[in-house]
Amino acid sequence: MFRLKSSVVIIHITGWLICLSFPLLFISGQSTGLNALSILCSANYLIFLSTYLALFYFHSTILFPKLFCKKQYVLYFLSVLVLLMTINFLKPLDHLIAQLKPASVARMSSNPPRSKGPGNHRPARINFVSDFLFLLTISLSLANETTLRGRQTEKKALFAETQKKQAELSFLRSQINPHFLFNTLNNIYSLAITQSEHTATSIMKLSNMLRYVTEESKRDFVLLETEIDCLKDYIALQQLRLTAKTTLAFSVTGQPGIKTIAPLVLLPFLENAFKYGVSNQEASEINVVLTCTDNSILFTCSNKIFRTHQELNGTGIGIANTRQRLDHLYGDRYSLRIHTSNNIYTTTLSLPS
């Protein structure tokens, strides 16, 4: 930001110094009877300065952003040409030169130069300097706006990259909920103590989940079928601790086929359902539906809320991280709707397939 402001300020100062020092070049080493202060305070100089400063800022605030940046190049160059013709018509430089060199002008009036046609009362050199000054003003304006917008683009790119890294870091931190892992290990330990026939199957499901989290999650997209398998393993492990008071329905409609999805974007919503939608005292129900169509993947998860709103609002880090990942991977091509009605918490996520 400091570099951006510094470069813009330097360009503005350079333009102002050129305008301030330009007329002084004409009286250097000449006896005109005028000093620098009287020149800078003269009406012709103020008109000259105002004209070129207005040209600079008119180009910076209107022509460049509204025409050049929107790729309306023909209209932009026509506008610049009209401005050049206007400057040549107003002749602010000619009037200033006439003030700075009255003796020369007087000699030109008494001994007019020979010409082949009428109306040729101004040396071609002044026209050349006027056109050069016009092009210099436009060039400074272009340099100023190009530098400013280039730095802004660079800043936005760096900010987007930072957001991406933060989202990735948050994702890595929240891939496996430690409480889920510890509880699952305790449940498997209990199965092993009782020599349950489900012990080996539970260990295999946990192993599959850990492999999926540590290996497949490194990719931006994975097969939808592998994501569904991860959800099934998670549900099966969670059911180790559930009582008969909890009813869970998980269904997949349509054909996953070769559809792809960002890994572990559905798991945080399922975790929330088990975290806030399960009670040991009351009957609870969790409904999860995954619908596959030709062009989209629709995930819906609903559950009754048994926690207070303060507890619910204070533990939305996983959902926030998931939103960041969705923004990064899908942009504006996804839809996420979370709402509560009659104490039923419903999440609806639509993704392109």
Side-chain angles (χ1 to χ4, degrees), residues 167 169-191 198 202-203 205-210 212-214 217 227-252 261-290 297-326 334 336-351:
L169 179 60
S170 299
F171 170 58
L172 291 174
R173 289 174 177 172
S174 61
Q175 280 181 338
I176 282 293
N177 189 321
H179 297 289
F180 162 74
L181 183 59
F182 296 149
N183 290 335
T184 301
L185 290 174
N186 288 333
N187 292 331
I188 294 177
Y189 175 76
S190 300
L191 293 176
H198 301 295
S202 299
I203 293 176
K205 291 183 181 298
L206 180 60
S207 176
N208 291 338
M209 278 200 66
L210 292 176
Y212 180 73
V213 167
T214 56
S217 63
E227 181 77 5
I228 294 174
D229 290 339
C230 178
L231 296 180
K232 289 180 178 179
D233 289 339
Y234 179 82
I235 291 173
L237 292 173
Q238 285 284 10
Q239 285 179 323
L240 294 177
R241 69 178 181 88
L242 297 181
T243 65
K245 292 184 177 181
T246 301
T247 303
L248 189 143
F250 177 78
S251 63
V252 178
I261 190 173
L264 299 176
V265 294
L266 305 181
L267 187 59
F269 304 111
L270 196 56
E271 284 181 331
N272 268 14
F274 280 100
K275 188 173 184 179
Y276 302 108
V278 174
S279 172
N280 294 327
Q281 290 78 31
E282 302 179 34
S284 57
E285 183 178 354
I286 299 176
N287 294 300
V288 182
V289 178
L290 185 63
I297 300 169
L298 182 64
F299 174 82
T300 304
C301 181
S302 62
N303 59 273
K304 187 177 179 180
I305 301 175
F306 292 99
R307 297 285 189 92
T308 64
H309 288 289
Q310 289 81 3
E311 292 174 320
L312 184 62
N313 294 333
T315 55
I317 299 177
I319 303 299
N321 293 340
T322 303
R323 284 185 184 272
Q324 288 184 339
R325 291 190 63 232
L326 290 170
Y334 80 95
L336 175 60
R337 183 171 180 262
I338 300 175
H339 70 281
T340 303
S341 178
N342 297 326
N343 207 35
I344 301 296
Y345 186 84
T346 304
T347 300
T348 305
L349 174 62
S350 177
L351 301 173

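Numbers for residues simply follow the sequence, beginning at 1.
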Test item: [X] and [Y] side chains (from C-beta on) under 4.5 Å apart, heavy atoms:
X	Y	result
Ile203	Leu191	no
Leu270	Phe274	yes
Ile286	Gln238	no
Thr184	Ile188	yes

Please check if the side chain of [X] supplies one atom and the backbone of [Y] the other of a donor-acceptor pair under 3.5 Å.
X	Y	result
Arg337	Thr346	no
Glu227	Leu264	yes
Lys245	Gln281	yes

List the atom of [X], the atom of [Y], and the distance in Å for their closest heavy-atom pair.
X	Y	answer
Leu237	Ser202	CD2-O, 3.6 Å
Glu282	Phe306	OE1-CE2, 3.5 Å
Ser284	Val278	OG-CA, 3.9 Å
Pro263	Arg325	O-NH1, 2.9 Å
Cys301	Ala273	SG-CB, 3.6 Å
Val265	Thr322	O-CG2, 3.6 Å

- Query: Can you list the steps and then say if Leu206 with Asp233 is a side chain to side chain contact (heavy atoms under 4.5 Å, CB included)?
  - Reply: CA-CA 7 Å; Leu206 180 60; Asp233 289 339; over 6 Å; no
- Message: If I take atom CE from residue Met209 and atom CG from residue Asp229, how far apart are they, to the nearest 0.5 angstrom?
- Response: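 Between Met209 CE and Asp229 CG, I get 11.5 Å after rounding to 0.5 Å.
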- Task: Could you label the plane-to-plane angle of the Phe269 and Phe299 rings as parallel, tilted or perpendicular, counting under 30° as parallel and over 60° as perpendicular?
- Result: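 If you compare the ring of Phe269 with that of Phe299, the planes turn out tilted.
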